[in-house]
Amino acid sequence: MHDPRVLLDPATDAVRKLARRGYSLDLERLEKLLGGRNAAIQKGDESRAEANRLQKAVKGASPEERPALVEKAREMKASITLAEEEHRELEAQLTEYLLEIPNLPADELPDGASDEDAVEVRTWGEIPAVENPLDHVDLGEKLGILDLPRATKLSGPRFAVLKGRGAALERALARFFLDLHTERHGYTEWSVPALVTRPTMTGTGQLPKFEQDLFRTEVADRELFLIPTAEVPLTNLHARETLAAEELPLAYTAQTPCFRSEAGSYGKDTRGLIRVHEFSKVELVRFVDPARSREELEVLLGHAEAVVQALGLAYRVVRLAAGDIGFSAEYTYDIEVWLPSQGRYREISSVSDFGTFQARRAGIRTKAKDGARGFAATLNGSGLPVGRTLVAVLEQGQQPDGSVRIPPALVPYTGFEVLEPA
RNA sequence: GGAAGCGUGGCAGAGCGGCCGAAUGCACUCGCCUUGAAAGCGAGAGACACGAGAGUGUCCGGGGGUUCGAAUCCCUCCGCUUCCGCCA
């Protein structure tokens, strides 16, 4: 959520920036709502100040003058109520409007609205030469580790069942990611709920605008949402808290299941593990000094890249176009791994700087030793999703004899070096 | 799910319906003292909103009510603790 004053400040150039992501900001409406709200607050404050004066007067009043003062105080109460109602109404309208305004994309991002407009930053690793590559679904079935028909039987389309060494590989990947980030990159591991409340989802920006992307549960009169990423619970750990500025940056990680409705993605990636309703992911979240958020983004990107590199997977980093970044983001890099079966790079990680946008929504404040107050900047990145990494490991590791070689760094976790056809 | 109790500032803990944004202690900040530190002494210090500012207002778990006036009385919801039931 933005500070309306900042949006209204011509120096912010908010209208132009938001137009780059196809959002048309109505400055006039904003100004009217803010001005009206502030006026209502002032009116209420003045009435209340008067009421307070009257109360004191009543206390010291003689029996004769008392009834008149009490009567005036009664009247003042009505005027307070009126101003409060107006304030409440305008405040609600203002908040409702502010909550649906996306973050301002950074000027450094390229123009454009799709992944085609992303700019390649660098490539890493050697694209493996695979003759007649199989995709991960064919590989998984031949290896006897993937059972999609049974997944469909259990839960319908867009789910996955892994078996034997496939399940072990999934477990190994997650443990490998977590160990790397906690031991080498200094992240604190958390175990957090996968079901969260509406305010929590609003804090990171999934709500109110993107409810159709989420799975929602309801028991009795209690409503909870399944998280689409651990970003939601990890970032909201500090919702409505004040952090000591000196303690930043805070670096958190968690492995959680992630649930996505994938509404509107009909026909896209319908095969296999690429796009499913439920998957496991290790997420990285950083709370940082807003003045340093872009540097911190590079650090975070490095942590995510380190995982892909440790697995020896060929990948590239792209800078997303201004119109393609997420609602809450102001700057995003994607890491894309090479998928031999598709002959192209596919997204495996998204690393974003949210500035203070999420912190304002969630109320993540900072206080420095000298008393200076502000909001933290939040960043997050996948580090990494287990399913899509498994796809890359299978596809990039496939051998001419139909086996798949496990990346050496992972072997201590799997206990086996190769997957053989069943 | 049933019964009882409790929810006050970073923590602990006071608080006759107006003198309470709230005593006191600890922690904290700054001085003095000290070679340095501790102790001691002195001073300061909550958050949020509106306002150019002076300042004004709000906040004692949330919401509602009584009253000219509520941390203090009433209702309700939520949370915590203890006992019972159930359960992984």
Side-chain angles (χ1 to χ4, degrees), chain A residues 1-11 30-99 191-203 217-224 233 236-248 250 256-257 287 356 358-376:
Chain A
M1 186 159 70
H2 295 287
D3 178 346
R5 268 179 255 274
V6 171
L7 286 182
L8 288 169
D9 183 350
L30 189 62
E31 197 157 15
K32 222 174 118 193
L33 285 172
L34 181 66
R37 178 196 84 126
N38 292 351
I41 287 175
Q42 285 220 47
K43 221 189 307 176
D45 282 1
E46 280 160 20
S47 296
R48 247 182 251 105
E50 177 61 21
N52 288 343
R53 277 192 291 276
L54 286 168
Q55 277 161 34
K56 290 207 172 91
V58 167
K59 200 191 153 209
S62 64
E64 302 84 68
E65 50 192 21
R66 195 185 164 91
L69 285 169
V70 167
E71 186 48 42
K72 270 176 89 177
R74 278 215 179 91
E75 285 165 15
M76 200 44 63
K77 233 166 81 167
S79 125
I80 292 172
T81 306
L82 206 70
E84 274 177 349
E85 271 164 18
E86 194 183 343
H87 172 216
R88 194 183 324 209
E89 174 58 29
L90 287 167
E91 184 80 57
Q93 284 182 32
L94 178 64
T95 303
E96 190 185 353
Y97 187 37
L98 285 172
L99 279 176
S191 174
V192 291
L195 284 165
V196 300
T197 61
R198 184 173 280 272
T200 298
M201 279 294 184
T202 307
T217 68
E218 214 173 81
V219 175
D221 58 349
R222 194 168 172 200
E223 173 192 66
L224 290 167
N236 280 289
L237 281 172
H238 291 304
R240 281 153 277 129
E241 290 183 11
T242 301
L243 306 171
E246 293 75 19
E247 282 174 14
L248 303 180
L250 297 176
T256 66
F287 300 83
T356 57
Q358 290 182 325
R360 284 179 187 283
R361 293 182 153 240
I364 305 167
R365 298 168 180 279
T366 59
K367 183 181 179 184
K369 268 224 147 126
D370 65 7
R373 303 192 148 267
F375 289 96

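Chain identifiers are assigned alphabetically (A, B, ...) following the order of the sequence lines, protein sequences preceding nucleic acid strands; residue numbering begins at 1 within each chain.
Between atom NZ of residue A:Lys32 and atom OH of residue A:Tyr97 there is a gap of 12.0 Å, rounded to the nearest 0.5 Å.
Pairing for B:rG42 goes to B:rC30, judged as Watson-Crick or G-U wobble with the two contacts each under 3.5 Å. Using N1 to N3 plus N6-O4 or O6-N4 for Watson-Crick, or N1-O2 and O6-N3 for G-U wobble, each under 3.5 Å, B:rG85 pairs with nothing. Across all strands shown, B:rU24 forms a Watson-Crick or G-U wobble pair with B:rA12, both key distances being under 3.5 Å. The partner of B:rU72 cannot be assigned: no Watson-Crick or G-U wobble pair with both contacts below 3.5 Å exists in any strand. The partner of B:rG7 is B:rC78, by the rule that a Watson-Crick or G-U pair needs both atom distances under 3.5 Å. Figure legend. B:rC48 is base-paired to B:rG57; pairs are counted as Watson-Crick or G-U wobble with both atom distances under 3.5 Å.
Here the closest non-hydrogen pair linking A:Met1 and A:Leu99 is SD-CD2, 3.9 Å.
Between A:Met76 atom CE and B:rG69 atom P the separation is 12 Å, expressed in whole Å.
Among the protein residues, A:Arg240 comes within range of no part of the nucleic acid, since none of its heavy atoms lies under 4.0 Å from any strand. Looking at heavy-atom distances under 4.0 Å, A:Lys43 makes no contact with the nucleic acid at all.
The side-chain heavy atoms of A:Gln42 and A:Asn38, taken from C-beta on, include no pair separated by under 4.5 Å.
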Would you be so kind as to tabulate the donor-acceptor pairs closer than 3.5 Å made by side chains of residues 72-81 of chain A, with sequence neighbours excluded?
unit_1, atom_1, unit_2, atom_2, d
A:Ser79, OG, A:Ser47, OG, 2.8
A:Thr81, OG1, A:Lys77, O, 2.9

Are any protein N/O atoms closer than 3.5 Å to N/O atoms in nucleotides 57-59 of chain B? If there are, list each pair with its distance.
unit_1, atom_1, unit_2, atom_2, d
B:rG57, OP1, A:Asn52, ND2, 3.2
B:rG57, O2', A:Asp45, OD1, 2.9
B:rG57, O2', A:Arg48, NH1, 2.7

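More than 12 heavy atoms of other residues, nucleotides or ligands sit less than 6.0 Å from atom CD of A:Glu223.
Listed by residue number, the members of residues 66-73 of chain A with any heavy atom below 4.0 angstrom from RNA chain B are A:Arg66, A:Val70, A:Ala73.
Contact check, A:Arg373 against B:rC48: a side-chain N or O comes under 4.0 Å of OP1 or OP2. Distances shown here put every side-chain N or O of A:Lys367 at or beyond 4.0 Å from the OP1 or OP2 atom of B:rG46.
Using a 4.0 Å cut-off between a side-chain N of Lys or Arg and a carboxylate O of Asp or Glu, A:Glu50 and A:Arg53 qualify as a salt bridge.
No side-chain donor-acceptor contact under 3.5 Å links A:Thr366 to the backbone of A:Ala245.
Between A:Ala39 and A:Leu54, the residue anchored nearer the 5' end of RNA chain B, judged by the nucleotide with its closest heavy atom, is A:Ala39.
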